[in-house]
Amino acid sequence: MIVTDPVHKYIVVIFAGTDDLRTMMADGDLLMKPFELLPNTSVHRGIENSLFEHHVDRVLLNKVTELKQRYRDYSFFTTGHSLGAGSAILLATTMILRNNTLFDTIISINFACPRIGNKAFVKALRTFEPQLQIWRVVMGYDVIARLPKYPFKHVGHTIQLGGREVKGKAKIYYHHVGNTTLGYAGVPRNWYSQAFAHFHEGLLEHRMRNYVDFIQSYPRVVFNLNHFESLPENIEKSSVNIDDNYKINLTVIQ
């Protein structure tokens, strides 16, 4: 679905999540597939096929281009939930690669996005910042947003909503794994283990309804996208071992 807003002046492409047998099969297609627009990178085959197999990407990009010519001062967003979140990231990436002069900034704000690409794909997308900005919103113990595991990696910055245990709060993690040079922290060391320890709750928190309820219940919560979680002052930055598959080991200075 494509939406335009004359008040806030934006064009947004919205992708639905898993809602029928076809999308369930796409979710379950967990093999890697080369992402032809970026050499030496690979992505989730099911998500890639859902966007590119029937040229859905070209139809959407042609329509967005048409709208941009009509509304020249509008910005562009992509968004989606779960499977749709992955499609939103791939469409934003495709826009950058096929027509990087159409918009000054392309922003993908997605919800409950699984890991969708390999390490090379993640690194390649970072080279397009700040023109391409990817924000992954994760609710509490949402377990789907932590899968599949190796060799898949997280793309973009992670906005962690508190979920049922920490109502009304959110934390933002730079590139998910942090950056020791800039002094930004990655997700906590138990970010994965706690979700799998609460597996049933994590499945329930994956539902889009929970994300909507959280945002609607706390309309005054403002997410400062310039404020990433920082490494504690008593942590020696050079000793931080980033491993977004399982945990982050920190050496505390005595």
Side-chain angles (χ1 to χ4, degrees), residues 1-3 10-20 22-30 32-33 35 41-53 56-57 60-61 64 76-96 106-118 121-122 125-126 128-129 132-149 152-161 163 170 172-173 175-177 187 191-192 195 202-215 223 225 244:
M1 178 171 66
I2 301 178
V3 175
Y10 62 67
I11 303 166
V12 57
V13 177
I14 305 169
F15 291 90
T18 306
D19 56 6
D20 57 18
R22 178 185 61 82
T23 52
M24 287 178 63
M25 292 177 65
D27 274 335
D29 189 352
L30 299 178
M32 281 279 193
K33 178 180 182 179
F35 188 60
T41 68
S42 297
V43 295
H44 185 294
R45 188 171 70 178
I47 296 176
E48 199 271 355
N49 284 345
S50 68
L51 182 64
F52 294 95
E53 192 171 37
V56 175
D57 61 311
L60 291 172
L61 292 181
V64 169
F76 180 56
F77 294 81
T78 68
T79 189
H81 173 258
S82 193
L83 172 69
S87 297
I89 292 174
L90 291 184
L91 184 70
T93 303
T94 302
M95 175 65 82
I96 286 283
I106 295 176
I107 301 175
S108 181
I109 303 177
N110 54 79
F111 301 84
C113 185
R115 302 181 180 198
I116 67 167
N118 64 359
F121 179 76
V122 174
L125 263 58
R126 290 178 185 175
F128 299 117
E129 296 175 350
L132 175 62
Q133 300 180 24
I134 299 173
W135 305 88
R136 298 174 54 257
V137 182
V138 179
M139 170 67 70
Y141 294 139
D142 186 341
V143 71
I144 303 301
R146 291 160 166 86
L147 294 172
K149 287 203 170 185
F152 292 91
K153 297 289 183 179
H154 290 288
V155 179
H157 307 299
T158 295
I159 302 177
Q160 176 68 57
L161 304 184
I172 306 176
Y173 297 99
H175 286 162
H176 185 77
V177 297
V187 295
W191 195 78
Y192 296 92
L203 289 177
L204 295 177
E205 288 196 318
H206 180 67
R207 295 180 299 183
M208 187 61 200
R209 181 74 257 170
N210 290 324
Y211 285 81
V212 173
D213 288 346
F214 181 98
I215 294 171
F223 304 119
L225 299 184
D244 85 315

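Along the sequence shown, the residues carry numbers beginning at 1.
- Atom CD1 of Ile109 is separated from atom CD1 of Ile159 by 6.5 Å, given to the nearest 0.5 angstrom.
- Between the CG atom in Asn210 and the CG atom in Leu204 there is a gap of 7.5 Å [rounded to 0.5 Å].
- Residues forming a side chain to side chain contact (heavy atoms under 4.5 Å, CB included) with His157 (at least two apart in sequence, or on another chain): Glu129, Trp135, Tyr174, His175, Phe228.
- Once rounded to the nearest 0.5 Å, the distance linking CD of Glu48 with OG of Ser42 reads 10.0 Å.
- Residue Ser50 comes nearest to Val56 through the heavy atom pair O-CG2, 4.1 Å, listed as atom of the first residue, atom of the second, then distance.
- Applying the side chain to side chain contact (heavy atoms under 4.5 Å, CB included) rule to Ala195 yields the partners Tyr141, Arg146; only residues at least two apart in sequence or on another chain are considered.
- A heavy-atom distance below 4.5 Å is not found between the side chains of Met95 and Leu91.
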> Would His81 and His206 satisfy side-chain contact (heavy atoms from CB on, under 4.5 Å), going step by step from the backbone distance to the final call?
Replying inline: CA-CA 9 Å; His81 173 258; His206 180 67; 3.8 Å; yes

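- Ile116 pairs in a side chain to side chain contact (heavy atoms under 4.5 Å, CB included) with only one of the listed residues (Leu83, Val122, Ile89), which is Ile89.
- Using the six-membered ring where Trp is involved, Phe111 and Tyr211 have ring planes that are perpendicular, over 60° apart on the 30 and 60° scheme.
- Shown here are the side chain to side chain contact (heavy atoms under 4.5 Å, CB included) partners of Ala88, two or more places apart in sequence or in another chain: Phe15, Thr78, Ser108.
- The side-chain hydrogen bond (donor to acceptor under 3.5 Å, both in side chains) search around Asp57 returns Arg98, not counting sequence neighbours.
- Nearest heavy-atom pair, His44 versus Met32, reported as atom, atom and distance to 0.1 Å: N-SD, 4.5 Å.
- Two residues are said to be in side-chain contact when any heavy atoms from C-beta on lie closer than 4.5 Å; Ile47 and Leu51 fail this criterion.
- Interatomic distance, CG of Leu132 versus OG1 of Thr93, reported as 5.0 Å (0.5 Å rounding).
- Between the CZ atom of Phe214 and the CD atom of Glu205 there is a distance of 10.0 Å, given to the nearest 0.5 Å.
- The side-chain hydrogen bond (donor to acceptor under 3.5 Å, both in side chains) test applied to Thr158 returns Arg136, His176, not counting sequence neighbours.
- Aromatic ring orientation, His154 versus Trp191: perpendicular (interplanar angle above 60°, classes split at 30° and 60°).
- Inter-residue side-chain proximity for Phe152 and Leu147 is flagged as unmet; no heavy-atom pair is nearer than 4.5 Å.
- Note: Cys113 SG to Ile144 CD1 = 12.0 Å, rounded to the nearest 0.5 Å.
- Counting only distance, with no hydrogens or angles, the side chain of Gln160 and the backbone of Gly140 share a donor-acceptor pair below 3.5 Å.
- Heavy atoms only, all atoms of each residue included: Met139 and Leu161 are closest at CE-CD1, 3.9 Å.
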>> Under the criterion side-chain contact (heavy atoms from CB on, under 4.5 Å), I'd like the reasoning laid out for Phe52 against Leu90: C-alpha separation, chi angles, the key distance, then a yes or no.
In response: CA-CA 10 Å; Phe52 294 95; Leu90 291 184; 4.3 Å; yes

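- Residues satisfying the side chain to side chain contact (heavy atoms under 4.5 Å, CB included) criterion with Ile14, sequence neighbours excluded, are Met1, Val3, Val12, Thr79.
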